[in-house]
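Structure record follows, encoded as structure tokens.
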Amino acid sequence: MKTILEIQKLDRQIRALEREVDKCPASVSFRNYKKLLQDGRTRFEQLETQANDLITQYNIEMTKYNKCKGNSEIVRKRNTENIDLENIENLITDANALVGELSEGNRRVDDLVRKSEEIVRKSAELSNKLTEAKKRSTVIKAQIEQKKQEVAPKIAEIQKHITKLEGSITDKDEKVKYEKYKEMKANGIFPVYVPLEDVFCGGCKVELSLNFIEKLKEKKMLTCEHCGRIIML
């Protein structure tokens, strides 16, 4: 068991070195860049949907506008061809109604144009941000690779030591425990072996039941009922 715990200690050192890479400024910047890309894609999709909606609305408004223009031409001909004292009041009413419709149609079309210009402006701004971020990403990737190269020899040396310790595990029961250790580590449960800290699991820090602790005192080693780590007394 001592050998397995020594390997776990070395695995922790490797993870600490990997975290150095993960937490370096370049890695943080690269994650921000990836988030910007994802947000950018989402925003472009939203702008595209808005643009398509505006095109649909614009076509509807232009159809109404053209219809009003056609009606105004009919009214104009009536004014010039059929004007008399009996229908002048109706003609004025029709003309005023058409003027109102044309004015409102113009207002709605102008509003759609302004919204379209705003979408174009936002799209251009977003495109510029993404282009600039893409240029920086090349530099950021190089910085991350440089950091990886810095810690790579240390990780290789630790891994060499682990391999040597693995070769020293000859006891059948120890081999079974070590295979279980590797399986749990591969499934994201790490550290695998943790101590009992008062009445708490040394891994997840959750308080353990008195019944569990009594069993642990008896068995000396028991799987945490909360996080699945193996608690050693």
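- The shortest distance between side-chain heavy atoms of D22 and R31 falls below 4.5 Å.
- For the pair E174 and T3, the minimum side-chain heavy-atom distance is 4.5 Å or more.
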**Message:** Using side chain to side chain contact (heavy atoms under 4.5 Å, CB included), reason through E132 and K135 one step at a time and then give a plain yes or no.
**Reply:** CA-CA 5 Å; E132 184 61 29; K135 290 178 182 177; 4.2 Å; yes
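- I189 has its side chain within reach of R229: a pair of non-hydrogen atoms, C-beta onward, lies under 4.5 Å apart.
- We find the CD-CG distance between E6 and D11 to be 10.5 Å, quoted to the nearest 0.5 Å.
- The pair E118-R121 meets the salt-bridge criterion, with a side-chain N (NZ, NE, NH1 or NH2) lying under 4.0 Å from an Asp/Glu carboxylate O.
- Contact of the K220 side chain with the M232 side chain is not registered, since no non-hydrogen atoms from C-beta on lie closer than 4.5 Å.
- The structure places NZ of K164 at 12.0 Å from CG of L10, a figure rounded to the nearest 0.5 Å.
- Counting heavy atoms of neighbouring residues, nucleotides and ligands inside a 6.0 Å radius, atom CD of E48 does not exceed 12 of them.
- Between the CG atom in L130 and the CG atom in D39 there is a gap of 9.5 Å [rounded to 0.5 Å].
- With hydrophobic clusters built from ILVMFWY side chains whose heavy atoms lie under 4.5 angstrom apart, I7 shares a cluster with M221.
- For CZ of R136, the number of neighbouring non-hydrogen atoms (other residues, nucleotides, ligands) closer than 6.0 Å is 12 at most.
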**Request:** Please assess I162 against I14 for the test side chain to side chain contact (heavy atoms under 4.5 Å, CB included), listing each intermediate value before the final yes or no.
**Result:** CA-CA 11 Å; I162 290 175; I14 289 176; 3.8 Å; yes
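- Without hydrogens or angle criteria, T131 side chain to S127 main chain gives a donor-acceptor distance under 3.5 Å.
- Smallest separation of non-hydrogen atoms from M184 and I230: SD-CD1, 4.0 Å.
- Transitive grouping of hydrophobic side chains (ILVMFWY, heavy atoms separated by less than 4.5 Å) keeps V139 and I144 in distinct clusters.
- Between I140 and S29, the shortest heavy-atom contact is CD1-CB, 3.6 Å.
- For the pair K154 and E157, the minimum side-chain heavy-atom distance is 4.5 Å or more.
- Cluster annotation: L5 is connected to I158 through the hydrophobic network of ILVMFWY side chains, with a link wherever side-chain heavy atoms come within less than 4.5 Å.
- Side-chain contact between E18 and V21 is absent, with no heavy-atom pair separated by less than 4.5 Å.
- To the nearest 0.5 Å, atom CG of residue L196 and atom NZ of residue K217 are 8.5 Å apart.
- Between the side chain of S137 and the backbone N or O of K134, at least one donor-acceptor pair lies under 3.5 Å.
- Remark: F212 engages no residue in a ring-ring contact (aromatic ring centres under 6.0 Å, His included) (not counting sequence neighbours).
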**Asked** side chain to side chain contact (heavy atoms under 4.5 Å, CB included) between V206 and C227: does it pass, once the steps are laid out?
**Response** CA-CA 9 Å; V206 173; C227 68; over 6 Å; no
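- In this structure, the side chain of T49 engages the main chain of E45 through a donor-acceptor pair within 3.5 Å.
- Of the possible donor and acceptor atoms, none in the side chain of Q8 sits under 3.5 Å from a partner among the backbone N and O of P191.
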**Prompt:** When you look at E225 and S209, which way does the side chain to side chain contact (heavy atoms under 4.5 Å, CB included) test go after all the steps?
**Reply:** CA-CA 10 Å; E225 53 197 6; S209 65; 3.7 Å; yes
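- From I231, atom CD1 reaches atom NE2 of H226 across 8.0 Å, with rounding to the nearest 0.5 Å.
- Residue V194 comes nearest to C201 through the heavy atom pair CG2-SG, 4.1 Å, listed as atom of the first residue, atom of the second, then distance.
- You'll find the side chain of I213 reaches within 4.5 Å of the side chain of V199, heavy atoms only.
- Taking hydrophobic clusters as Ile, Leu, Val, Met, Phe, Trp and Tyr residues chained together by side-chain heavy-atom distances below 4.5 Å, V192 does not share a cluster with L216.
- Pairs engaging residues 173-211 under the ring-ring contact (aromatic ring centres under 6.0 Å, His included) rule: Y178-Y181 [sequence neighbours left out].
- Residues D171 and K175 are not in side-chain contact: their nearest non-hydrogen atoms beyond the backbone lie 4.5 Å or more apart.
- Listed by first and then second residue, the side-chain hydrogen bond (donor to acceptor under 3.5 Å, both in side chains) pairs that reach into residues 138-151 are E145-Q149, sequence neighbours excluded.
- Rounded to the nearest 0.5 angstrom, E179 CD and I4 CD1 are separated by 9.5 Å.
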